Amino acid sequence: MKIVTYNINGIGARLQNLLRWLTERTPDVVCLQELKAPQEKFPEAAIREAGYGVIWHGQKSWNGVAILSRGCEPSELRRVLPGDPEDAHSRYIEATVRGIKIGCIYLPNGNPYPGPKFDYKLRWLGRLLTHAAELAASPMPVVLAGDFNIIPTEKDVYKPERWVNDALFRIEVREAFVRLASQGWTDAVRTLHPDATIYTFWDFFRDAYRRDAGLRIDHLLLNPALRGRLRAAGVDRDVRGWEKPSDHAPTWIELSE
DNA sequence: ATGCCGTGGAAACCACGA
């Protein structure tokens, strides 16, 4: 069973790209972020025709998350991260799919640092830690997958010294990632590839993909009830080289049944 | 190097992303 997280960066502009990738790679579960589409403009019919059940939480212009499931319907559990009724961003959706609880995350970017956007990121992280503690302790298998906008360590960025005051690499944010791990979450890709240089994002400019000037910011975290089923993990980095690509690449895990 | 590209939405530019 293959579970993938993919920041699509505008599902309107990326639909053909997405459908090709679904057809070629046939992932079982897909967590999408940055739909950049209002609820009513999500291309539901095209995705269902490709053989996927789907739930989504759209928003005009920005954000937006979705969970796709091949051959069955995701069973929605929530479409908001608890803890702040004032938060109007579409950044979280959670469902049960084939006996696994899936939390699809689009964490705030937080730049520029310092400032209100960074403060919002830290508040969002606080809420995530609260919710994640419950999920980590659950006897049910859970994966938290998404664009975390967190570079966990120096190994996960092409030139760490350039990023020390960036909201993706600030110490507060990396410490939050460590706190997640201490709740029992396993960073699937890093666990299976402890020494490899692995990126999931390359900027659109400065020829970043060709230079391999990337970041590892898309993650799949497994709770203790699930981690024993982890068989493989990786990044479909060639997809970043397709026509009209997102700046992120699909990042995946393979689980035993 | 602090938006050079790219998207969406509104307006022929602006906000936002990482």
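These numbers were taken from a predicted model, which means no experiment stands behind them. So you know, we letter chains A, B, ... as the sequences are listed, proteins then strands, and number each from 1.
- Note on A/Asp147: only backbone sugar-phosphate atoms sit closer than 4.0 angstrom, heavy atoms only; bases stay farther off.
- Protein atom CZ of A/Arg14 is 12 Å distant from nucleotide atom C1' of B/dG17, rounded to whole Å.
- What separates CZ of A/Phe201 from P of B/dC5 is a distance of 14 Å, to the nearest Å.
- Both A/Asn111 and A/Phe204 lie close to DNA chain B; mapped to their nearest nucleotides by heavy-atom distance, the more 5′-ward contact belongs to A/Phe204.
- The CG-P distance, from A/Leu35 to B/dG9, rounds to 12 Å in whole Å.
- Counting any heavy atom pair closer than 4.0 Å across all strands shown, A/Gly12 reaches sugar-phosphate atoms only and no base atom.
- To the nearest 0.5 Å, atoms NZ (A/Lys2) and CZ (A/Arg25) are separated by 7.5 Å.
- Residue A/Arg206 places no side-chain N or O under 4.0 Å from the OP1 or OP2 atom of B/dA1.
- A/Trp202 has its CH2 atom 16 Å from the P atom of B/dG6, to the nearest Å.
- Looking only at distances, a side-chain donor or acceptor of A/Thr130 sits under 3.5 Å from a matching main-chain atom of A/Gly126.
- For A/Gln59 and B/dA15, the CD to P distance is 17 Å, given to the nearest whole Å.
- Within the nucleic acid shown, A/Tyr106 comes within 4.0 Å of sugar-phosphate atoms alone, with no base atom in reach, counting heavy atoms only.
- For the pair A/Gly110 and A/Ile11, both in contact range of DNA chain B, the more 5′-proximal nearest nucleotide belongs to A/Ile11.
- Rounded to the nearest Å, the gap between the P atom of B/dT2 and that of B/dC13 is 24 Å.
- Contact annotation for A/Asn149: backbone-only contact, meaning every heavy-atom pair under 4.0 Å involves sugar-phosphate atoms and none involves a base.
- For DNA chain B, the neighbouring residues in residues 209-218 of chain A, judged by any heavy atom under 4.0 Å, are A/Leu215, A/Ile217.
- With rounding to whole Å, A/Asp203 atom CG is found 8 Å from B/dC5 atom C1'.
- Among B/dC4, B/dG6, B/dA1, the nucleotide with an atom closest to any side-chain atom of A/Phe205 is B/dC4.
- As judged by a 4.0 angstrom heavy-atom cut-off over every strand, A/Asp207 is placed among residues making no nucleic acid contact.
- Considering only the side chain of A/Ala13, B/dT7 comes nearest among B/dC4, B/dT7, B/dA10.
- One interatomic measurement links the two molecules: CG of A/Leu32 to P of B/dT7, which rounds to 16 Å at whole-angstrom precision.
- Using atom C1' as the reference point in both B/dC14 and B/dA1, the two lie 22 Å apart (nearest Å).
- Between A/Lys244 and B/dT7 there is a side-chain N or O to OP1 or OP2 distance below 4.0 Å.
- The pair A/Asp212-A/Arg237 meets the salt-bridge criterion, since a charged nitrogen lies less than 4.0 angstrom from a carboxylate oxygen.
- Ring geometry, A/His219 versus A/Phe177: the interplanar angle falls from 30° to 60°, so the pair is classed tilted.
- Nearest heavy atoms, A/Arg231 versus A/Leu255: CG-C, 4.3 Å.
- Using atom C1' as the reference point in both B/dA10 and B/dC16, the two lie 14 Å apart (nearest Å).
- With respect to the salt-bridge test (charged N to carboxylate O, under 4.0 angstrom), the residues A/Asp156 and A/Arg190 qualify.
- Between A/Asp187 and A/Arg216 a salt bridge is recorded (basic side-chain N to carboxylate O distance below 4.0 Å).
- Within a 6.0 Å sphere centred on NZ of A/Lys155, heavy atoms belonging to other residues, nucleotides or ligands number more than 12.
- Listed pair A/Lys36 / B/dG17 fails the phosphate criterion, with no side-chain N or O lying under 4.0 Å from OP1 or OP2.
- Among the atoms of the strands shown, none is found under 4.0 Å from any heavy atom of A/Lys121.
- Against the 90° criterion about 0, the sugar-base torsion of B/dA12 places it in the syn range.
- Using a 4.5 Å heavy-atom threshold, the side chains of A/Arg48 and A/Val54 count as touching.
- Nucleic acid contact class of A/Pro38 (heavy atoms, under 4.0 Å, all strands): sugar-phosphate only.
- Out of B/dC5, B/dG9, B/dA15, the shortest distance to the side chain of A/Trp62 is found at B/dA15.
- The NZ atom of A/Lys60 sits 13 Å away from the C1' atom of B/dA15 (whole-angstrom rounding).
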